[in-house]
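Shown next, in structure tokens, is the structure this report addresses.
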Amino acid sequence: MNCTAVKKERPPSTQLSRRKYIDTRRLRVIVSGSPPKATTEKLGIPEDLILERKRDDPFDPRPREGYLSWDDYFMCVAFLSAQRSKDPNKQVGACIVSSDQIILGIGYNGFPRGCSDNELPWAKCADSGSPLDTKYPYVCHAELNAILNKNTASLQGAKMYVTMFPCNECSKLLIQAGIREIVFYEDKAAPPVKYSSPNEAPGSDIRQVDAYAASKRLLHLAGVKLRQHQLDRPLVLCVGVHAEKKDIVLNADAT
């Protein structure tokens, strides 16, 4: 497994370079805070790139345009949930929704309750070569946590939004829980590398690509609808007037 670190691009600091950064990624910024102008000035965001603006005419009775679609909204909830994950390599979020567009459960990948984030390894690779020195035997996936965090007796007929296509183990859980549709952001297709489990721990003859092929096969046989969703428009959320330029609010394309 290639464990070479990849240096992430940081957002530019000047307003001119920020404009170029935002424009080249087709980003539009939503600012929440009072007053919004103070936030935009503090972050150095050009005002014409702000998606949400206060309407000039207070007597205009029309509803505003540009609001989030249901798909974008729930996918963004999944992405926001993923930001709770302590995993330094991959943050995954999931959001379960009823047919009435009500959130029934959310989750993100992490260790089980009561297991310290500082006492188990987050590494993808280990010098010892043992899977026990990596995160894979210990992490609970976002889909599992969303199911366990449900606020209803049954998830029968519900829909799940998830930031990454579920592995075959999670697909079994989703099928058994009664989930009838999975809306995913990132499809998972990896080169044929040996893994010891669908959770990607190295050391055996099951390949990650096979695990996700098995996942799709199970979901197809169970009649679960699959749909990949990319956001209608990439978004960056700047919350509050206390946001600092060093924050990574401008360092993600809808993720």
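By the 4.5 Å heavy-atom criterion applied to side chains, M75 and F79 are counted as neighbours. By the 4.5 Å heavy-atom criterion applied to side chains, C167 and S215 are not counted as neighbours. A heavy-atom distance below 4.5 Å is not found between the side chains of T134 and P121. By the 4.5 Å heavy-atom criterion applied to side chains, F165 and L226 are counted as neighbours. A 4.5 Å side-chain heavy-atom check between K90 and K124 finds every atom pair outside the cut-off. Using a 4.5 Å heavy-atom threshold, the side chains of I182 and R227 count as separate. Here the side chains of N89 and K135 are in contact, with some heavy-atom distance below 4.5 Å. Side-chain atoms of M164 and Y212, non-hydrogen and from C-beta on, do get closer than 4.5 Å to each other.
The line from CG of N145 to OG of S85 is 9.5 Å long, rounded to the nearest 0.5 Å. Atom CD in Q101 sits 10.5 Å away from atom OH in Y73 (nearest 0.5 Å). Of the inter-residue distances, the one linking Q91 atom CD with Y108 atom OH reads 12.0 Å to the nearest 0.5 angstrom. Atom CG of residue N109 and atom CG of residue D87 lie 5.0 Å apart, to the nearest 0.5 angstrom. The NZ atom of K172 sits 11.5 Å away from atom CG of L219, with the distance rounded to the nearest 0.5 Å.
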Exercise. Yes or no on side chain to side chain contact (heavy atoms under 4.5 Å, CB included) for D187 and Q228, after CA distance, side-chain angles and deciding distance?
Worked result: CA-CA 8 Å; D187 202 355; Q228 186 169 19; 4.2 Å; yes
Exercise. After noting the C-alpha distance and the side-chain angles of V97 and W70, does the key distance pass the side chain to side chain contact (heavy atoms under 4.5 Å, CB included) rule?
Worked result: CA-CA 10 Å; V97 180; W70 282 120; over 6 Å; no
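Checked against I96 for a side chain to side chain contact (heavy atoms under 4.5 Å, CB included), the options V162, I147, L174, I102 give a single hit: I147.
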